[in-house]
Amino acid sequence: MGTFSIGRKVASFGSLILGAVLAIAGLALSITKAGDLILGTMPGSGAPIILGRGVMFVCGIILFILGLYLFPTFKYHRTIINIIFLFPLLFAFAVTVIIPLVLGIGYSFTDWNGITMKGVVGFANYARMFKQPSFLWSILLTFLFVVFNMILVNLVAFLLALLCTSRIKGLGFFRAAYFLPNLIGGIVLGYIWQFIFSNVVTRFTGTYSMLSDTKTAFIAIIIVYIWQYAGYIMLIYITGLNTIPGDVLEASAIDGANKLQTLFNIKLPMIAPTITICTFLTLTSAFKQFDVNLALTNGKGSVQFLGEYIANGTEMLALNIYGTAVVNNDYALGQAKAVLFFIILAAVSIMQVRISNKREVEL
């Protein structure tokens, strides 16, 4: 094994120590809201030499990473290099996901109003949200929406995938046409379909708008979601169907299997992992439905639930959390609802993956 020079060892440990000191000092100054560090004054002019907190923290991180790169060990050097290359992604993930999640859980036990926090209230926010019939209705409505869409989106997407893997002309056009709605933003899509339901459909059928009644408005949201998301799931099913070996399909045809027997006994079992992925994607996407719900109905709709009149009969869970925090300016309660939403989504997703994986083994 080779050896590292004394200079490299000194540079490595020096860079690690200096980087750690600078990063910690910059972070401490930011947390305590202290001023920037004044290193001295310029000769002659007397202008202060200021080292900013942000510059100090960034320089400290860079020096620390440089020290890791120069770290004098052959045994763990490759692992250190891998960590350095992954650091930007891990740092971004921590800043945008992990840290907000931890802070959000903490804020849910306080009286935080989005700016200031006076004290800790314990589980008061969690107790308060379960006393709101509108919130309980939004949970029930979200589960209904998820069930309907998991079935319908996957069914429509799989049928479209079968069509787009058959021997018909213009397959490229059909694939692009079916996928195109997924490229339209949910807000824009909601307003487009709001015009269709309120004007075009009403003019041709001579009846009232689907959005004027809570039940038909809920159906309208499902229709729009299927129209938007089925094309995306279709592409995943197409990929799965194209991975089925051609000789297996030829052997089934030689053995006399018809198209339905081939579909249920060969194609579906062989794309079981694809079905698991598509089911997981539709499950999580349907749970987090927000933009179409906001643009299409904004949650409006009258319904009687638990003996109370609810004016937001089409408001699903994500929109309810948004309304609580942003519209009603009750951020602590909204954060408590968001924590419960995270727990429900994580639990349901894990259960779905486990059940689907078990089903894959059986197939």
Side-chain angles (χ1 to χ4, degrees), residues 143-186 189-190 192-193 196-197 201 210 218-289 292 348-349 351-363:
F143 272 98
L144 290 174
F145 182 79
V146 169
V147 171
F148 281 118
N149 280 280
M150 276 185 61
I151 297 172
L152 295 176
V153 169
N154 281 280
L155 178 61
V156 172
F158 184 71
L159 293 176
L160 293 177
L162 288 178
L163 175 64
C164 291
T165 53
S166 60
R167 298 178 180 178
I168 61 174
K169 294 182 179 180
L171 287 180
F173 169 79
F174 286 115
R175 292 182 183 182
Y178 296 144
F179 180 74
L180 185 61
N182 188 255
L183 302 178
I184 304 175
L189 195 69
I192 292 173
W193 278 90
I196 293 174
F197 287 128
V201 174
M210 290 184 66
F218 180 66
I219 296 173
I221 297 174
I222 294 176
I223 292 173
V224 176
Y225 180 81
I226 295 172
W227 188 77
Q228 179 190 28
Y229 206 60
Y232 173 67
I233 301 299
M234 174 201 70
L235 293 182
I236 304 176
Y237 277 122
I238 289 175
T239 304
L241 290 171
N242 287 334
T243 59
I244 300 175
D247 53 356
V248 175
L249 299 177
E250 291 177 3
S252 65
I254 294 173
D255 291 338
N258 56 37
K259 292 183 178 181
L260 287 179
Q261 290 173 332
T262 302
L263 175 63
F264 288 103
N265 297 324
I266 296 177
K267 290 185 178 181
L268 287 179
M270 295 192 74
I271 64 167
T274 304
I275 296 175
T276 300
I277 294 172
C278 292
T279 306
F280 174 78
L281 290 175
T282 52
L283 172 72
T284 55
S285 176
F287 257 113
K288 297 183 292 184
Q289 178 56 246
V292 172
V348 173
S349 299
M351 288 175 56
Q352 181 268 322
V353 171
R354 287 183 176 273
I355 293 172
S356 298
N357 288 337
K358 184 179 179 180
R359 183 62 178 167
E360 287 180 28
V361 175
E362 294 176 355
L363 292 174

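We use all heavy atoms of the structure for the numbers below, so side chains are in, but hydrogens, waters and symmetry mates are not.
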Residue pairs involving residues 219-235 (criterion side-chain hydrogen bond (donor to acceptor under 3.5 Å, both in side chains); sequence neighbours excluded):
Tyr225-Ser285
As an exercise, state the distance from CE of Met150 to CZ of Phe280, rounded to the nearest 0.5 Å.
11.0 Å
Interatomic spacing from CD1 in Ile151 to CD1 in Ile226 - rounded to 0.5 Å
10.5 Å
Note: Ile266 and Ser252 closest approach over all heavy atoms is CD1-CB, 3.1 Å
Value rounded to 0.5 Å, distance of CZ in Phe158 from SG in Cys278
10.0 Å
Could you tell me whether a side-chain N or O of Gln261 sits under 3.5 Å from a main-chain N or O of Asn258, the two making a donor and an acceptor?
yes
Sequence neighbours excluded, the answer for ring pair (Phe, Tyr, Trp, His ring centres under 6.0 Å) partners of Phe174 is none
Can I get a per-line list of side-chain donor-acceptor pairs under 3.5 Å for residues 234-247, giving both atom names and the distance, sequence neighbours left out?
from: Tyr237; atom 1: OH; to: Asn154; atom 2: OD1; distance (Å): 2.8
from: Thr239; atom 1: OG1; to: Leu235; atom 2: O; distance (Å): 3.0
from: Asn242; atom 1: ND2; to: Ile238; atom 2: O; distance (Å): 3.2
from: Thr243; atom 1: OG1; to: Gly240; atom 2: O; distance (Å): 2.5

When you look at Leu159 and Leu163, which way does the side chain to side chain contact (heavy atoms under 4.5 Å, CB included) test go after all the steps?
CA-CA 6 Å; Leu159 293 176; Leu163 175 64; over 6 Å; no
Mind checking the CD1-OG1 spacing from Ile271 to Thr276? Nearest 0.5 Å is all I need.
10.0 Å
To the nearest 0.5 Å, what is the distance between CG on Asn265 and CG on Leu260?
10.0 Å
Taking all non-hydrogen atoms of both residues into account, name the closest pair between Asn149 and Ala286 and its distance.
CB-CB, 4.3 Å
Sole candidate of Thr274, Ile275, Leu281, Thr279 that passes side chain to side chain contact (heavy atoms under 4.5 Å, CB included) when paired with Ile277:
Leu281
Show the nearest heavy-atom pair for residues Ala230 and Ala157, with the distance to one decimal.
O-CB, 3.4 Å
Non-hydrogen side-chain atoms of Val248 and Met270 separated by less than 4.5 Å:
yes
Just how far is it from atom CD of Gln352 to atom OG1 of Thr284, taken to the nearest 0.5 Å?
8.5 Å
More than 12 non-hydrogen atoms from neighbouring residues, nucleotides or ligands closer than 6.0 Å to CZ on Phe148, yes or no?
no
Please examine the side chains of Leu162 and Leu263, heavy atoms only from C-beta on, and report whether any two atoms are closer than 4.5 Å.
yes
